[in-house]
Amino acid sequence: MSSEISSREGRAAFGSYETWYRISGELDADKAPIVILHGGPGVAHNYVDAYKLLARRDRAVIHYDQLGCGNSTLLPEKGADFWTPRLFIDELENLVDHLGIRAGFHVLGQSWGGMLGAEYAVTRPKGLKSLTIANSPASMKLWVEEANRLRADLPGDVQETLTRHEQAGTTDDPAYQAATMVFYERHVCRVVPFPPEVTETFAQVVRNPTVYHVMNGPNEFHVIGTLKNWSIIDRLPAVDVPTLIISGRHDEATPATVQPYKDGIKGSRWEIFEHSSHMPHVEEQDLCMRVVGDFLDDNDNREKGN
């Protein structure tokens, strides 16, 4: 098995828009391909780039930028009524058909991508073999409660800076951004300085902030966007594919935010990475690829009847 990973890029028409994608490995490999759903919403594929390493196990890995960010069509003029989970489910379905993988594929979603993956799985799409939910909350109410708990453990001056600028509406102030980074280095990515692909994701949000700001808010713990009341807890029993749940011991997606996935999805398995926060694929890369890769191998031959 070669350590070199071939890749090609393309664009899928999605109505009058385009979804950029990249395929690492070969779609005609013996193993079913996996589609990677990035987080945000709106932070693009860069920071989850490491999942392309799964292609070393003779499996195609498909990254794509969801509409409104990265290399896909940017729509900064669109408002809250446009940016909905249903839009992104439709975009994913469109991409699956464009790539001709409807016969069988896996989905891995990270952070918001895991929320989207769960939204997708409850629709019981044809061809879905398994779901991996990585570092994702099952409800934003739980997410905000836990973010506030983690925030209360930050140094007092950092907390004061955050609160002051949030109340003043000056969350673009450099002092606020610096205070935010203290939280991020504890609970988002503990590899400091951040690797280039993680840094590029943050830069991409600055360039294309529409989706993130509309649906989430200015940062990971000040959630004032349209997703603030989102929950999938009551719908989780509808997920009928093997499901792997992963999170980090220091994750902003704390055990309280993740537990409903384990409780609600029959037969699901939960792996906690002891030395990671929100990005085990960066922080404990080899172990993460092994855990996910083994799970995919175990579920390649599952046939869906619908």
Side-chain angles (χ1 to χ4, degrees), residues 19-22 34-52 61-72 83-85 87-89 91-92 107-121 131-140 142-144 146-147 180 183-184 187-191 194-195 197-223 225-228 230 232 244-248 250-254 257-258 261 273 276-283 288 292:
T19 302
W20 172 91
Y21 63 86
R22 185 190 73 203
I34 182 168
V35 184
I36 308 297
L37 315 185
H38 66 68
V43 304
H45 76 283
N46 309 76
Y47 79 102
V48 284
D49 181 67
Y51 279 113
K52 71 185 178 188
V61 180
I62 300 157
H63 284 80
Y64 73 103
D65 285 337
Q66 295 160 27
L67 201 64
C69 71
N71 300 310
S72 293
W83 303 110
T84 64
L87 170 74
F88 294 109
I89 291 172
E91 181 185 28
L92 175 55
V107 162
L108 181 150
Q110 199 279 337
S111 196
W112 148 254
M115 297 157 61
L116 175 59
E119 286 272 4
Y120 184 57
L131 172 66
T132 299
I133 298 171
N135 319 101
S136 306
S139 93
M140 291 306 278
L142 287 173
W143 175 268
V144 171
E146 288 295 283
T180 296
F183 181 94
Y184 282 19
H187 301 298
V188 178
C189 182
R190 293 165 78 88
V191 177
F194 292 162
E197 70 273 19
V198 176
T199 300
E200 175 51 30
T201 273
F202 284 116
Q204 190 282 142
V205 176
V206 172
R207 295 194 301 270
N208 307 304
T210 303
V211 183
Y212 188 74
H213 285 179
V214 168
M215 295 183 76
N216 185 81
N219 58 44
E220 296 292 275
F221 49 81
H222 189 45
V223 179
T226 58
L227 287 176
K228 64 185 177 184
W230 177 88
I232 200 166
L244 172 65
I245 305 158
I246 64 178
S247 63
H250 309 283
D251 206 328
E252 58 180 341
T254 66
T257 73
V258 176
Y261 286 121
F273 289 80
S276 294
S277 58
H278 199 51
M279 300 186 187
H281 58 278
V282 173
E283 297 160 297
C288 184
V292 174

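Hydrogens, waters and symmetry mates play no part in the numbers below; they use all other heavy atoms, side chains included.
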Exercise: identify the closest heavy-atom pair between [X] and [Y]:
{"X": "Glu283", "Y": "Ser277", "answer": "OE2-OG, 2.6 Å"}
{"X": "Pro137", "Y": "Trp143", "answer": "CG-CE3, 3.4 Å"}
{"X": "Thr201", "Y": "Ala44", "answer": "OG1-O, 4.1 Å"}
{"X": "Asp65", "Y": "Glu91", "answer": "O-OE2, 3.8 Å"}
{"X": "Ser136", "Y": "Ala253", "answer": "N-CB, 3.9 Å"}
{"X": "Val258", "Y": "Ser247", "answer": "CG2-CB, 4.3 Å"}

Please examine the side chains of [Y] and [X], heavy atoms only from C-beta on, and report whether any two atoms are closer than 4.5 Å.
{"X": "Val282", "Y": "Glu197", "answer": "yes"}
{"X": "Leu227", "Y": "Pro41", "answer": "yes"}
{"X": "Val107", "Y": "Tyr120", "answer": "yes"}
{"X": "His38", "Y": "Asn46", "answer": "no"}
{"X": "Trp112", "Y": "Met215", "answer": "yes"}

Is there a donor-acceptor contact under 3.5 Å from the side chain of Thr84 to the main chain of Leu87?
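Yes; at least one donor-acceptor contact below 3.5 Å.
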
Working to the nearest 0.5 Å, report the span between [atom1] of [X] and [atom2] of [Y].
{"X": "Leu142", "Y": "Thr254", "atom1": "CG", "atom2": "OG1", "answer": "8.0 Å"}
{"X": "Trp83", "Y": "Thr226", "atom1": "CH2", "atom2": "OG1", "answer": "11.0 Å"}
{"X": "Asp49", "Y": "Ile36", "atom1": "CG", "atom2": "CD1", "answer": "10.5 Å"}
{"X": "Ile62", "Y": "Arg22", "atom1": "CD1", "atom2": "CZ", "answer": "11.5 Å"}
{"X": "Ile133", "Y": "Ser111", "atom1": "CD1", "atom2": "OG", "answer": "12.0 Å"}
{"X": "His63", "Y": "Trp20", "atom1": "NE2", "atom2": "CH2", "answer": "8.0 Å"}

Which of these passes side chain to side chain contact (heavy atoms under 4.5 Å, CB included) with Gln66: Val43, Leu37, Leu92, Val211?
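So the option named by the test is Leu37.
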
ring-ring contact (aromatic ring centres under 6.0 Å, His included) partner of Tyr184, chosen from Phe202, Tyr47, Phe194:
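Checked Phe202, Tyr47, Phe194 against Tyr184; only one passes ring-ring contact (aromatic ring centres under 6.0 Å, His included): Phe202.
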
Ignoring hydrogens and geometry beyond distance, is a side-chain donor-acceptor pair present between Thr257 and Glu146 at under 3.5 Å?
no

Which residue, Glu252, Gln110, His281, forms the side chain to side chain donor-acceptor pair (under 3.5 Å) with Asn135?
Gln110

Could you give me the CA-CA distance, side-chain angles and deciding distance for Cys288 and Phe273, then say whether side chain to side chain contact (heavy atoms under 4.5 Å, CB included) is met?
CA-CA 8 Å; Cys288 184; Phe273 289 80; 4.0 Å; yes

